[in-house]
Amino acid sequence: MDYRRTTIKDILAKTPGERVEAYGWVKTKRDSKGVSFVQLNDGSCFTDLQVVIEAGTLPDEDLKRVSTGACVMFAGELVESPAAGQAVELRGETITIYGEADPASYPLQKKGASFEFLREIAHLRVRGNTFGAVMRVRNRASYAVHRFFQERGFNWIHTPIITASDCEGAGAMFAVSTLLEAEPTPEGTQFRLKDTDPANDFFGKPAYLTVSGQLNVETHALGLTNVYTFGPTFRAENSNTPRHLAEFWMIEPEMAFCDIEGDMNLAEEFVREVIGDVLDHCGPDLDFFNKRIEPELLQTLEHVVNSGFERLTYTEAIKLLEASGENFEFPCDWGSDLQSEHERWLTEKKIGRPVIVTDYPKEIKAFYMYGNDDGQTVRAMDVLVPRIGELIGGSQREDRLDVLESRIVELGLPLEAYWWYLDLRRFGSAPHSGFGLGFERLVMYLTGMKNIRDVIPFHRTPGQADF
RNA sequence: UGCCGCAUAGCUCAGCGGUAGAGCAGCUGACUGUUAAUCAGCGGGUCGUAAGUUCGAAUCUUACUGCGGCAGCCA
């Protein structure tokens with residue numbers, strides 16, 4: 001056996017008359033008096049291969065073991081299908097059974113399982129239509145992300161997962177420590193704290209899982225010019241929503257000699273190109289999502305590829321919201337952050353496609369964003385999209401040493417902790433910009449899936465780390 | 001973390017004070033090509049856990065646990 005085999009995707013593209021071997025997992029089996037039909041899928045494509053077994057061809061005891069979930073190989077001749085539903089089918093002549101799946105206890109059935117239930121059997125759910133399609137789209141989108149940046153000369157930078165700077169300010173962090181000792185007890189594992197002084201810990205100081213690679217990757221933009229990260233990110237927030245994970249994958253491009261305008265151009269070009277790539281390469285999967293998950297998916301994706309994003313300043317957005325006549329739960333006045341309901345109204349109702357909002361009040365944005373001449377706003381930009389909300393958050397970075405230093409002091413942050421970040425402005429500073437994009441949110445947008453826990457193989461959320 | 005909702009067969013759900021139901025799945029059989037196959041029959045449940053109200057609780061009350069939705073935090 002070798003991975004260089006004929007997959008079901010290959011088989012479906014062959015012409016009738018050839019002899020083939022089809023490996024895969026059984027979706028369903030239908031029996032008639034003289035003939036049995038098996039839907040076989042190996043994940044290589046959305047479409048199943050129909051295997052037809054004439055009565056008497058295979059021993060009854062073998063055929064009986066072919067049930068939903070079983071892993072088998074059928075060999076035989078590929079023939080033109082006499083019935084509607086598929087162009088070709090495999091006439092099964094011999095069978096190898098690799099793994100049975102007891103029908104009485106195999107949890108997947110051919111119809112009607114909720115996503116909530118499937119999350120409990122996340123080790124098996126990828127064998128179904130929806131999760132097979134999600135993972136193929138996720139894979140293609142990952143490839144498209146790298147392709148996009150590589151074709152434009154961006155260097156992929158592997159920023160650290162463990163960080164000792166607790167100064168990133170992007171949210172609650174998971175501590176990384178060896179001071180906590182696990183002890184097996186009759187009641188289960190208990191933790192014991194060996195020491196409370198970080199000086200005696202593994203790194204000799206407090207360490208955490210990264211909440212963003214941005215500060216790190218800025219160093220490489222100021223040397224390699226155009227760079228990006230694509231890796232896991234961790235947030236210890238107690239967030240219980242369909243769009244937050246404790247562990248997720250983030251994409252963060254960073255560009256030297258680039259201002260907020262260039263940053264927006266990249267964000268827009270990036271999103272449109274990745275969507276276009278997935279539209280070109282995941283047709284059958286997207287057709288399925290369009291039919292079963294989100295009726296306007298294809299229309300929306302094609303619309304985004306073919307039309308630009310709307311661009312608004314925060315001040316303009318507030319004016320639109322005030323003039324909307326909508327009865328919002330939270331009032332919107334200049335200076336407070338846009339609430340989910342405001343973002344949704346802007347992108348879903350008012351504009352009807354992705355919107356980039358820029359120039360937010362400095363008080364509601366991070367310390368490192370470039371201050372505008374008005375002294376009130378910073379060069380921040382958020383990309384808001386229908387159904388998802390905030391897909392991208394980015395900014396032009398403050399590259400003036402004195403301005404950045406006074407901003408850090410103003411916010412009561414420890415200047416010394418930022419010594420290397422400030423060095424970037426001290427030695428050869430350059431205008432630079434970048435953004436962060438939550439990869440799972442992009443996959444949600446691409447598939448129409450409503451819960452972020454269903455677009456990652458094994459989700460980590462508060463109270464959930466199974467598998 | 002706050003507010004709201006849900007928890008009944010393997011799955012999806014109905015029942016909402018009087019002692020447990022359907023569809024699908026499973027099992028047995030029928031049917032010469034099905035494609036969420038169809039048809040007939042059979043088996044399957046301490047109604048999330050604990051306490052309370054009541055002659056009587058799946059049904060009403062409270063707490064807890066789990067899950068989901070909305071909000072906040074953000075990507």
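Note on naming: letters A, B, ... go to the chains in the order of the sequence lines (proteins, then strands), and numbering restarts at 1 for each one.
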Expressed as a whole number of Å, how far does the [atom1] atom of [N] sit from that of [M]?
N	M	atom1	result
rG48(B)	rA14(B)	P	13 Å
rG15(B)	rC73(B)	C1'	41 Å
rC16(B)	rA7(B)	C1'	14 Å
rA57(B)	rG18(B)	P	11 Å
rU53(B)	rU62(B)	C1'	11 Å
rG33(B)	rG69(B)	C1'	46 Å
rA30(B)	rC67(B)	C1'	42 Å
rC13(B)	rA51(B)	P	29 Å

Any strand is fair game: report the nucleotide pairing with [N] by Watson-Crick or G-U wobble, both distances under 3.5 Å, or none.
N	result
rG5(B)	rC67(B)
rC73(B)	none
rU38(B)	rA30(B)
rC60(B)	rG52(B)

From the options rG68(B), rC11(B), rG26(B), select the nucleotide whose nearest atom is closest to the side chain of R453(A). rG68(B)

Output yes when [X] and [Y] qualify as a salt bridge under the 4.0 Å nitrogen-oxygen rule, no when they do not.
X	Y	value
E310(A)	R353(A)	yes
E254(A)	R397(A)	yes
E268(A)	R311(A)	yes
K64(A)	E61(A)	no
E440(A)	R138(A)	yes
R65(A)	E100(A)	yes
R91(A)	E54(A)	no
R379(A)	D259(A)	no

Below 3.5 Å, does any donor atom in the side chain of [X] face an acceptor in the base of [N], or the other way round?
X	N	result
Q86(A)	rU35(B)	yes
S239(A)	rC74(B)	no
R441(A)	rC74(B)	yes
E89(A)	rG33(B)	yes

Contact residues, [range] to RNA chain B [heavy atom, < 4.0 Å]:
range	answer
residues 334-352 of chain A	Q339(A), S340(A), R344(A)
residues 14-45 of chain A	R30(A), D31(A), S32(A), K33(A), G34(A), V35(A), F37(A)
residues 286-296 of chain A	none

To the nearest Å, give me how far apart [atom1] ([X]) and [atom2] ([N]) are.
X	N	atom1	atom2	answer
N240(A)	rG2(B)	CG	P	11 Å
D263(A)	rA75(B)	CG	P	13 Å
F270(A)	rA75(B)	CZ	P	15 Å
H244(A)	rG69(B)	NE2	C1'	15 Å
W249(A)	rA75(B)	CH2	C1'	15 Å
I121(A)	rC11(B)	CD1	P	9 Å
E254(A)	rA75(B)	CD	P	14 Å
L442(A)	rC74(B)	CG	P	21 Å

Can you pull the ring-ring contact (aromatic ring centres under 6.0 Å, His included) pairs that have at least one residue in residues 18-67 of chain A, sequence neighbours excluded? F46(A)-F288(A)

Kindly indicate whether a cation-pi arrangement holds for R152(A) with F148(A), taking the cut-offs as under 6.0 Å to the six-membered ring centre and within 45° of the axis.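 Yes, R152(A) and F148(A) form such a contact.
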
Can R125(A) be said to sit on top of F131(A)'s aromatic six-ring, NZ or CZ under 6.0 Å from centre and within 45° of the ring axis? yes

Just call it for [X]: base, sugar-phosphate, or nothing, with non-hydrogen atoms closer than 4.0 Å on any strand.
X	result
E252(A)	nothing
L391(A)	sugar-phosphate
Q50(A)	base
R91(A)	nothing
K365(A)	nothing
T241(A)	base
P103(A)	sugar-phosphate
P242(A)	sugar-phosphate
S81(A)	base

Quick one: closest heavy-atom pair of [X] and [Y], and the distance?
X	Y	result
H244(A)	T461(A)	O-CG2, 3.9 Å
L49(A)	A22(A)	CD2-CB, 3.5 Å
W345(A)	E326(A)	NE1-CG, 3.3 Å

Both P462(A) and F117(A) contact RNA chain B. Taking the nearest nucleotide for each, which residue is further toward the 5' end? F117(A)

Of H459(A) and F330(A), whose nearest nucleotide on RNA chain B comes first from the 5' end?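 Its nucleotide being nearer the 5' end, the pick is H459(A).
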
Is the centre of the Y208(A) ring less than 6.0 Å from the centre of the F174(A) ring?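 That pair fails the under 6.0 Å test.
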
Between H459(A) and F467(A), is the ring centroid distance below 6.0 Å?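 So the answer is no for these two rings.
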
Quick one: side-chain contact (heavy atoms from CB on, under 4.5 Å) partners of S44(A), sequence neighbours excluded? T7(A), I8(A), K9(A), D42(A)

Atom pairs, protein N/O to nucleotides 39-44 of chain B N/O, distance under 3.5 Å:
none

Distance below 4.0 Å between R243(A) side-chain N/O and rC73(B) OP1 or OP2: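 Looking at the OP1 and OP2 atoms of rC73(B), neither is under 4.0 Å from any side-chain N or O of R243(A).
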
Does the side chain of N451(A) get closer than 4.0 angstrom to OP1 or OP2 of rG69(B) through an N or O atom? yes

Among L437(A), L442(A), D382(A), find the residue that satisfies the side chain to side chain contact (heavy atoms under 4.5 Å, CB included) test when tested with I392(A).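 Looking at L437(A), L442(A), D382(A), the match for I392(A) under the side chain to side chain contact (heavy atoms under 4.5 Å, CB included) is L437(A).
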
